Undergrad: 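I'd like to ask you about the structure that follows.
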Amino acid sequence: MTFGKGCHLHLIDGSAFIFRAYHALPPLTRKSDGLPIGAVAGFCNMLFRYVENNKGPDAPTHVAVIFDHSSKTFRNEIYPAYKANRPELPEDLRPQFPLTREATRAFNIACIETEGYEADDIIAAMSCKARNAGGRVTIISSDKDLMQLIGDGVVMFDAMKNKTIDRDEVFEKFGVGPDRVVDVQALAGDSVDNVPGAPGIGIKTAALLIQEYGDLETLLARAGEIKQPKRREALVNNAELIRISKRLVQLDCDTPLDFSLESLEVRVPDAEVILPFLNVMEFRTLTKRVADSLKVAAPVAALLTETAAPVATPAEALTFDHASYEAVTTPEALAVWVARIRERGYVAFDTETTSLDEMRADLVGISLCVDAGVACYIPIGHRQGGGDLFASDSLTEGQLPLAEVLAQLKPVLEDDAILKIAQNMKYDAKIMARLGVQVAPIADTMLMSYAMHGGLHNHGMDELSERYLSHTPIPIKPLLGSGKSAVTFDRVGIADAVKYAAEDADVTLRLWQKFQPMLHRVGVTTVYETLERPLVPVLMQMEMAGVQVDRNTLSRMSSAFAQKMAALEAEIHELAGGPFNVGSPKQLGEILFDRLGLPGGEKGKTGAYATGADVLEDIAAEGVVEAGRTLAARVLDWRQLSKLKSTYTDALQTHIHPDTGRVHTSYSIAGANTGRLASTDPNLQNIPVRSEEGRRIREAFVAPVGRVLVSLDYSQIELRILAHMANIPALKQAFTDGLDIHAMTASEMFNVPMAQMTSDIRRQAKAINFGVIYGISGFGLARNLRIPRAEAQGFIDRYFERFPGIRAYMDDTIAFAKANGHVQTLFGRKIHTPEINAKGPGAGFAKRAAINAPIQGTAADVIRRAMIRMPAAIAGLDAKMLLQVHDELLFEVAETDVERLITAAKHTMETAADPAVKLSVHLTVEAGQGPNWAAAH
DNA sequence: GGGCTCACG
DNA sequence: GACGTACGTGAGCCCG
């Protein structure tokens, strides 16, 4: 519908709403994370009341909320001091601005702002346009600067006083009609906006003068006639200033509008949008009122609140000024920074290096930050040239020698009284450790975030900065390039490096400042202090120690695998009737199901046949074509060898460190949602063990001469934790009695005496036990056991009958997740479950994950506690903790200390839950030892 | 770079 | 009544 006669446009002054809301309400904060929210709350209430009050017969046909985009506009060019004496925005208001825009859109109202223009100008242009089209306009505001627009079908409405402002009110206020308001304002000036006007002339006098002379230009032209000397002089001497003032107060009807009036047509709020928004904001009452108004059920309170990661976040009062970052290139300048750090008592720091692999990285520079915005970068190892063949390898001029930097910084970095803050400290502390500096004590913003919001979002610096500081840090890509032309950080120019590196320290410090109070509010201080922070030095030691891997063993195995694979490949090609890439699932699927015409080919969503191990195993076992059966079996063999060779025997050799002769993995602490660690580069948590052939790879993990590998692993830790958490007497008793837990389960379920247990029945019970931990489903169990679904469901039903606590545990866990947006481990770790209220297939996933997380997470917490206590427990022994594999710790120990190590470490692991949690089931640890990992496990 | 496959707990 | 499922990871390879 074209905007025209009969249309009624409402223009809401957004900034007026915001300020009124801000000052009308106490400084409210969002309960879940402390986000300042008072202005947004008031703003939403005002918008809602507006919507409710404008449903009647005189309802608008079109509506928009208009905001100021930025403080700098064309008026600053005319008069630089314009609005210059405005007080600084309150610190807690600015972060709410983006949320008011979101709120507007959530109410399904057009949200308008244009860079370089004030809201008033946009309102002016829209009013003119609407009026010229023959429509009516109501401006929802009481701002006197907008009164010049009144007339010809344009009125204002003061929402607070619930009163219309028309010509009469304007006349009352300014003594002139709307068309002369700017003249009066130009003369009177405005102290709030710092519009100069004529000195000594206020609104009253200005109105008199305009009434007498008709308009401003006439007045100025005839100023000499004015009788009162003061007034006359004020006008004569300030004519230019008055003209400038008029340009400042005159609203610009020609402000460009990049939308049509038609697009502003009134729309009903969408319950699916507005309710979640209000719920995330944690506006309980308003959520309910809006829901009632829309005649839908209100979402369960607190349902989204916890899962809502602080979205659009508190922007900072301070911005990031890259130009202010200092390049520290003299000992004197560095000394100043050291003094600042000592005065502060803490420092955020970040290292720049030549590699993401801490064991191979060379230090290029260090950045420091002591206060938001106060940061520096110390270039140390930057090199000339672009890294090409002819580039010089010499150090760039104007850097500090490493020795000088270390001499000054080492005392600070090792000072007990100075807290060192970093994002992923393990990386930086390892770099420094390799240079002989033991960084302590430490804080880590990545781990704080993980403790608070694990499961909600990732914890990399860029993401945290955007979420919590509303700031996008300088990306590294443009500095380093990508692909073949990529360079390392030492080839980055120092000027660029200063901006990038110092900003990282700056961001880190600001995150830390923000996270400290948040940590308490979220209630995870204990988790951070006992399960995250102290783990850093422990993992550093393990990673730097590395594990000795015998290259020759791996190399021999690689050759043997290659030979077997070649033979298999020839046979496979023969069976297939021609050569093809055995490693290509796509080609294999076409051979099996198209060329050989085997039944059972199922295409996935990408249109490719599934050729996973389960599919091939079925074909190998019961395929109707003999060639197909053999082919599938050979491909399975080939795949196993291929996997072992490429992922393990080949790849592991490339990870042997040239200096140490050992393999140094890296553990990510904040990677897995449940609290587990993850091992990367290489992953040493998935070295084969299940197949005989694969297990032999562990023979390459060896102890040096005179030393032994000791493996200690928790026995059935997750089932024990389940027995405790779900309080299942039968399970607990079985553990207390030291029974075979799977056999016991089988006996209970199938009424088979333990003495007559068969391995097959036990195997089924074992699968069910694991299924319970994973959030069992009939389908999943059926597939795992390869039995009919109904039968699997029967097993599950019987299991729940025999162990009724399990069902209750599952229901309670899911209910808790739905109510709180997270589940918890016994040690208080929160694992957020944002998808728990999802609809559709995602719901099943989320429920099973929620059931599994407290169990897996508690086990992860237990072994973390053991690891943290381990250095003290084995101090004095010639032993090192090398690896963690979720429920196993691998040690390298002198032959003479093996027994003592086992005693100490075993005790530490078995009592790791104490005293924080009193488990009603004992944890038991089994030990093994030998010259290599295969023998020790 | 996403999908598939497969190694571990 | 249908949907599509075991939980948590990382790495190597293929292929567009």
Side-chain angles (χ1 to χ4, degrees), chain A residues 454-455 482 580-589 604-617 635-636 638-652 654-655 665-668 671-691 693-695 697-698 713-719 722 767-785 789 792 796 823 831 833 839-857 859-860 863 883-889 933 937:
Chain A
S482 61
F580 71 102
N581 185 348
V582 182
S584 164
K586 185 166 171 267
Q587 294 181 31
L588 175 65
K605 52 190 160 198
T606 55
Y609 289 113
T611 65
D614 49 348
V615 176
L616 296 186
E617 277 163 18
V635 170
L636 281 168
W638 183 91
R639 280 215 183 136
Q640 189 196 8
L641 296 175
S642 167
K643 177 78 175 180
L644 295 177
K645 182 170 185 292
S646 68
T647 308
Y648 300 105
T649 57
D650 285 354
L652 273 176
T654 70
H655 284 283
T665 185
S666 179
Y667 290 100
S668 59
N673 280 339
T674 53
R676 274 195 179 181
L677 302 178
S679 161
T680 65
D681 306 303
N683 182 354
L684 295 187
Q685 289 181 323
N686 71 346
I687 303 301
V689 70
R690 290 172 186 168
S691 77
E693 198 133 34
R695 186 156 55 233
I697 290 171
R698 295 191 175 218
D713 70 291
Y714 284 105
S715 168
Q716 308 290 359
I717 185 168
E718 293 192 351
L719 273 178
L722 173 70
I768 298 168
N769 276 332
F770 277 104
V772 168
I773 291 171
Y774 297 153
I776 199 160
S777 76
F779 187 94
L781 183 65
R783 203 175 65 167
N784 193 282
L785 286 178
R789 192 177 155 175
I796 294 169
V823 291
I831 297 135
T833 54
K839 299 263 185 291
F845 273 117
K847 281 182 187 165
R848 292 192 296 270
I851 290 168
N852 174 256
I855 304 169
Q856 188 181 116
I863 198 166
L883 301 177
Q884 188 250 44
V885 193
H886 309 307
D887 64 358
E888 171 189 7
L889 293 174
W933 199 2
H937 188 77

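Here the structure is a predicted model, which is why all the values come from computation and not from measurement.
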Undergrad: Tell me: CZ of F779(A) to P of dT5(C), nearest whole Å?
TA: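 From F779(A) CZ to dT5(C) P: 7 Å.
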
Undergrad: If the cut-off is 4.0 Å, is S777(A) near the phosphate of dG4(C), judged by side-chain N/O to OP1 or OP2?
TA: no

Undergrad: Regarding N683(A), tell me which of base, sugar-phosphate or nothing describes its non-hydrogen contacts under 4.0 Å with the strands shown.
TA: sugar-phosphate

Undergrad: Using a cut-off of strictly less than 4.0 Å, decide whether K586(A) has a side-chain nitrogen or oxygen near OP1 or OP2 of dG3(B).
TA: no

Undergrad: Look at the side-chain N and O atoms of R690(A) and state whether any lies under 4.0 Å from the OP1 or OP2 oxygen of dC8(B).
TA: yes

Undergrad: Side-chain N or O of Q856(A) less than 4.0 angstrom from OP1 or OP2 on dT9(C)?
TA: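 No, because none of the side-chain N or O atoms of Q856(A) sits under 4.0 Å from OP1 or OP2 of dT9(C).
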
Undergrad: Students often get this wrong, so: under 4.0 angstrom with heavy atoms, is S642(A) touching a base, only sugar-phosphate, or nothing?
TA: nothing

Undergrad: Have a look at N673(A) and say if it touches a base, only the backbone sugar-phosphate, or nothing, with a 4.0 Å heavy-atom cut-off.
TA: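 Result for N673(A) = sugar-phosphate.
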
Undergrad: Considering every strand and a 4.0 Å limit on heavy-atom distances, what is the contact class for A613(A): base, sugar-phosphate, or nothing?
TA: sugar-phosphate

Undergrad: For R639(A) and dC6(B), is the shortest distance between a side-chain N/O and OP1 or OP2 below 4.0 Å?
TA: yes

Undergrad: Please determine if a side-chain N or O atom of R848(A) lies less than 4.0 Å away from the OP1 or OP2 oxygen of dT5(C).
TA: no

Undergrad: Determine the contact category for F845(A): base if any of its heavy atoms lies under 4.0 Å from a base atom, sugar-phosphate if only primed atoms, P, OP1 or OP2 are that close, otherwise nothing.
TA: sugar-phosphate

Undergrad: Counting only side-chain N and O atoms of T611(A), is one of them less than 4.0 Å from OP1 or OP2 of dT5(B)?
TA: yes

Undergrad: Tell me what G844(A) touches on the nucleic acid: a base, only sugar-phosphate, or nothing, going by heavy atoms under 4.0 Å.
TA: nothing

Undergrad: Please determine whether a side-chain nitrogen or oxygen atom of R695(A) lies at a distance below 4.0 Å from atom OP1 or OP2 of dA7(B).
TA: no

Undergrad: Are any non-hydrogen side-chain atoms of R639(A) and L616(A) less than 4.5 angstrom apart?
TA: yes

Undergrad: Given dG9(B), dA11(C), dA7(B), identify the nucleotide with an atom nearest to the side chain of H886(A).
TA: dG9(B)

Undergrad: Might you point out which heavy atoms bring S679(A) and Y667(A) nearest each other, and give the distance in Å?
TA: CB-CE2, 3.9 Å

Undergrad: Between R676(A) and dG9(B), is there a side-chain N or O to OP1/OP2 distance below 4.0 Å?
TA: no

Undergrad: Under 4.0 Å: is that the gap between some side-chain N or O of N686(A) and OP1 or OP2 of dC6(B)?
TA: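 Checking N686(A) against dC6(B): no side-chain N or O falls below 4.0 Å of OP1 or OP2.
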
Undergrad: Suppose we define a pair by two distances each less than 3.5 Å, Watson-Crick or G-U wobble; what does dC3(C) pair with here?
TA: none

Undergrad: Select one nucleotide: of dA6(C), dG8(C), dT9(C), the one nearest the side-chain heavy atoms of A678(A).
TA: dT9(C)

